[in-house]
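See below for the structure under consideration.
Residue numbers start from 1 in every chain, and the chains themselves are labelled A, B, ... in the order their sequence lines are given, proteins ahead of strands.
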2 protein chains.
Amino acid sequence: MLSGTNLPRVGGYNQAVVLDAIRTTGQVSRVELAALTGLTNQTVSNVVRKLLDAGLVAESGQAPSSGGKRRTLLSMRADGAFAVGVHLDPEAAVIVVVDLAGDVVGSRRLRLTDPGDPDDVVDRVARAAGRLVDRSGVDRSRLLGLGIAAPGPLDGTSGAVVSPPNFPGWGRVPLAGMFAEATGLPVALDNDATAAAIGERWIGGADRAGSFLFIYVGTGIGAGIVLNNTVLHGDSGNAGEFGHMAVEPGDRVCHCGATDCLGPYCSPPALIDDLLRLHGRAAADRIGLTGAPDSVHHDWKALRRATRTGDPAACDVIRRAARRIGEAARGAASLLDVSRVVLGGEALHGIEPIMREEIDAAVNRTSVARTIRAVTVEQSVIGDTVGAVGAASLVLHGNYAPGWRMLTDVSG
Amino acid sequence: MLSGTNLPRVGGYNQAVVLDAIRTTGQVSRVELAALTGLTNQTVSNVVRKLLDAGLVAESGQAPSSGGKRRTLLSMRADGAFAVGVHLDPEAAVIVVVDLAGDVVGSRRLRLTDPGDPDDVVDRVARAAGRLVDRSGVDRSRLLGLGIAAPGPLDGTSGAVVSPPNFPGWGRVPLAGMFAEATGLPVALDNDATAAAIGERWIGGADRAGSFLFIYVGTGIGAGIVLNNTVLHGDSGNAGEFGHMAVEPGDRVCHCGATDCLGPYCSPPALIDDLLRLHGRAAADRIGLTGAPDSVHHDWKALRRATRTGDPAACDVIRRAARRIGEAARGAASLLDVSRVVLGGEALHGIEPIMREEIDAAVNRTSVARTIRAVTVEQSVIGDTVGAVGAASLVLHGNYAPGWRMLTDVSG
DNA sequence: TGACTTCATCCATCAATTGGATTTAGCTGA
DNA sequence: TCAGCTAAATCCAATTGATGGATGAAGTCA
């Protein structure tokens with residue numbers, strides 16, 4: 001059931017609205033804020049004073065006069081708040097410290113030699129995060145919390161991941177609680193694609209306002225959905241699962257038994273296998289693939305490198321996968337009616353042009369796209385660390401993003 | 001940019017929250033409302049008084065005492081407000097008058113002998129709607145407006161439909177404005193599937209609270225998306241387009257050039273054609289299909305009737321289509337992470353069991369569905385007139401549904 | 001009949017926005 | 001150079017809406 005609201009929440013909401021407007025525009029005056037938010041000048045003045053007192057924004061200059069008193073420009077104070085972000089991946093954990101402006105003020109990569117034991121992983125990551133915070137010299141009282149981006153399904157209600165792919169031996173692991181205990185910080189948990197989408201929304205300014213579909217290419221493929229500046233979590237916290245979108249069936253079988261799920265056709269092992277089957281050993285040798293089961297990570301990198309340099313066999317394999325992703329993206333974009341698709345993830349390296357081309361062609365084919373509004377396909381404004389930065393943004397977003405949530409449920 | 005809010009809107013919002021709670025529960029006391037909405041008893045008391053004064057709710061009995069004073073039960077006053085709903089279809093327009101409780105207090109069906117001229121259609125429908133309102137004896141001062149459910153793409157910003165399918169000669173028709181002028185009422189316009197979903201949300205009570213995906217089977221196939229009690233409109237007002245979801249490709253070509261769009265594989269003409277191709281003339285004769293291009297409506301009815309009586313050829317054709325719809329639904333449900341799928345639309349008659357079976361199997365196959373939460377597949381609680389009732393609900397929803405919209409943008 | 005419960009409301013208070021008046025600061029032209 | 005103008009930002013009183021505690025209303029139970 002929907003909750004009612006009260007005045008303190010309204011105040012918090014309007015503060016968040018103003019903060020959001022300052023963030024997305026970069027620099028604005030109070031009058032402009034009033035126009036943007038629909039609030040009166042007086043209210044904006046009050047709200048801004050609170051934000052100044054809280055150290056979240058600063059007066060950062062003056063605009064040239066337009067006939068009267070010059071406007072004093074306001075901008076985000078980068079050191080107003082910080083958050084730690086952790087992107088957990090089977091191969092390594094990427095840890096970042098991000099300031100309110102979205103800039104990374106500290107980062108490190110922690111190789112997970114033995115990812116089989118959740119307790120050990122949490123312990124090591126938590127300690128590394130603590131050291132990173134110290135080293136970055138951030139004011140601990142301004143550290144809002146820690147965000148985690150984890151692959152695969154999670155149980156949103158309890159803050160647990162459930163059998164994440166490529167984490168052998170991990171069953172149901174209450175990651176959020178474990179990190180909260182290990183660090184003493186408030187913790188937010190989301191899947192990597194959703195976290196990346198929030199990061200994009202948080203950092204991307206006006207270019208990422210409104211609604212978009214984020215397609216995340218990492219260990220697997222996933223999507224993050226932002227609608228009307230609000231992220232979609234879904235009933236169980238698993239919104240954006242992209243791997244079960246239907247595509248042209250082939251001979252790859254999903255865990256779920258279907259032969260038409262997107263996931264199995266664009267996983268790294270599948271693409272390496274494709275290359276061997278379609279283009280033979282010679283092409284694989286030329287590219288530098290071993291084809292051994294334990295060198296998937298290496299081979300996947302080599303395949304992408306070869307794609308970047310234009311190797312025809314590599315490009316062919318990537319393009320086949322990109323086409324299937326395009327089919328899925330077409331369905332998703334037309335279902336959600338978004339006019340923007342954003343691509344990101346660390347595994348996008350080398351394959352962006354082909355991905356972008358195929359997805360662009362697919363999503364712009366529908367009648368709505370052609371007659372009512374086109375769909376733009378862009379790359380992440382954050383880049384490689386979008387997972388970790390997104391994880392940190394979970395915390396910032398949770399604290400300062402205006403939304404429904406602020407009005408109805410403070411706990412969320 | 002997001003708008004701020006102010007106190008009157010907060011008041012309206014809390015009123016809507018309380019009204020929504022009364023509506024979804026059917027009958028509740030003030031204390032229960034306080035618990036449900038998180039508001040204080042005092043506030044609920046105040047809000048309820050306003051709703052009583054406005055004639056939107058009524059005291060409708062008393063609950064047995066639980067040790068103290070008996071609670072006075074509140075329920076929606078059905079005659080508190082009314083809305084007209086029009087479902088525009090190439091074959092006929094269905095017009096209904098709906099009260100605040102969602103009951104149909106008047107309805108009629110208007111055959112569109114010559115749907116080629118938008119002006120004529122609007123004129124005839126508007127006059128018929130006026131007569132229906134008079135005949136239903138509703139207090140005109142309590143008539144909130146007129147909702148239109150139209151097929152196909154629309155331009156949400158201007159309230160126009162754009163080349164709706166099967167309306168020959170209709171280009172870009174500003175339906176909303178035309179109906180507003182013809183009736184003098186506030187007008188809401190949405191596509192049929194979205195309208196049906198809102199109707200379901202409005203009328204379905206607790207069973208349709210939260211989030212769900214509505215699959216609408218009418219002239220074409222479409223979806224309506226309700227997330228956190230709020231309908232998704234999308235950037236251009238076309239959210240829920242289901243016809244371009246990717247499915248197993250065959251030899252049917254979509255307008256967009258693809259052979260893997262769902263739409264062409266489950267349109268009535270395609271299914272009739274399927275039956276002829278796969279099961280031959282004999283089966284068609286048995287079922288009563290003519291196969292002539294101008295008797296699609298008749299043939300489609302016959303095919304569904306035959307399916308209901310268990311004709312194997314008919315069932316086979318329907319099942320093939322249902323499987324493809326299931327593929328698309330699986331992707332949509334896992335992308336949105338909804339735990340409920342609702343089926344409706346006037347063309348569902350006769351084919352519900354097969355549709356439900358196939359869709360249920362498909363959406364419950366994914367890992368999230370199996371390990372975290374199952375997906376229930378249900379039929380519309382409204383039934384055949386879900387399009388028209390949904391159209392009327394657009395108006396009721398727009399006036400009384402609590403949401404984001406009430407807090408940020410009064411115009412929307 | 002009296003003690004206890006629960007429902008519902010009254011009253012003073014608090015928090016937040018609003019509208020109008022006022023102050024601050026810069027521009028412009030005689 | 002100074003008065004007149006314009007625009008930005010703030011001050012102040014009023015209004016609206018939720019809150020917490022106290023009070024009244026209606027029933028139950030021993």
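- Judged purely by distance below 3.5 Å, without hydrogens or angles, the side chains of N41(B) and R30(B) never pair a donor atom with an acceptor atom.
- Listed pair N41(A) / dA8(D) fails the phosphate criterion, with no side-chain N or O lying under 4.0 Å from OP1 or OP2.
- Scanning all heavy atoms of the two residues, the minimum distance from G204(B) to V381(B) falls at CA-CG2, 3.8 Å.
- Rounded to whole Å, the distance from CD on Q62(B) to C1' on dA8(C) is 12 Å.
- H233(A) has its side chain within reach of D190(A): a pair of non-hydrogen atoms, C-beta onward, lies under 4.5 Å apart.
- If you find the closest nucleotide of DNA chain C to G11(A) and to L73(B), the one lying nearer the 5' end belongs to L73(B).
- Following rounding to the nearest Å, K50(B) (NZ) and dA18(D) (C1') show an atom-to-atom distance of 10 Å.
- Rounded to an integer number of Å, the gap from CZ of R71(B) to P of dT28(D) is 13 Å.
- Using a 4.0 Å cut-off, no side-chain N or O of S66(B) falls inside it from OP1 or OP2 of dT5(C).
- Rounded to an integer number of Å, the gap from N14(A) CG to dA15(C) C1' is 13 Å.
- Residue R30(A) places at least one side-chain N or O under 4.0 Å from the OP1 or OP2 atom of dT10(D).
- Residues L232(B) and L336(A) form a side-chain contact, since some pair of their non-hydrogen atoms from C-beta on lies under 4.5 Å apart.
- In the displayed structure, E181(B) atom CD is contacted under 6.0 Å by at most 12 heavy atoms of other residues, nucleotides or ligands.
- Of the candidate nucleotides dA16(C), dA8(C), dG26(C), dA16(C) has the atom nearest to the side chain of L7(B).
- Distance, Y13(B) OH to dT17(C) P: 17 Å, rounded to whole Å.
- Protein atom CG of L39(A) is 14 Å distant from nucleotide atom P of dA16(C), rounded to whole Å.
- The phosphate of dA25(C) (OP1 or OP2) has no side-chain N or O of R70(A) nearer than 4.0 angstrom.
- Whole-Å rounding puts the R49(A) CZ to dT17(C) C1' distance at 14 Å.
- Residue N6(A) places at least one side-chain N or O closer than 4.0 Å to OP1 or OP2 of dT19(D).
- Take the nearest nucleotide of DNA chain C for K69(A) and for N46(B): the residue whose nucleotide is more 5' is N46(B).
- Across all strands shown, T43(B) has heavy atoms under 4.0 Å from base atoms, whether or not it also approaches the sugar-phosphate.
- Mapping S45(A) and S65(B) onto DNA chain D by nearest heavy atom places S45(A) closer to the 5' end of the strand.
- Summarising the geometry, the separation between CD on Q15(A) and C1' on dA15(C) is reported as 13 Å, rounded to the nearest angstrom.
- Using a 4.0 Å cut-off, some side-chain N or O of T40(A) falls inside it from OP1 or OP2 of dT18(C).
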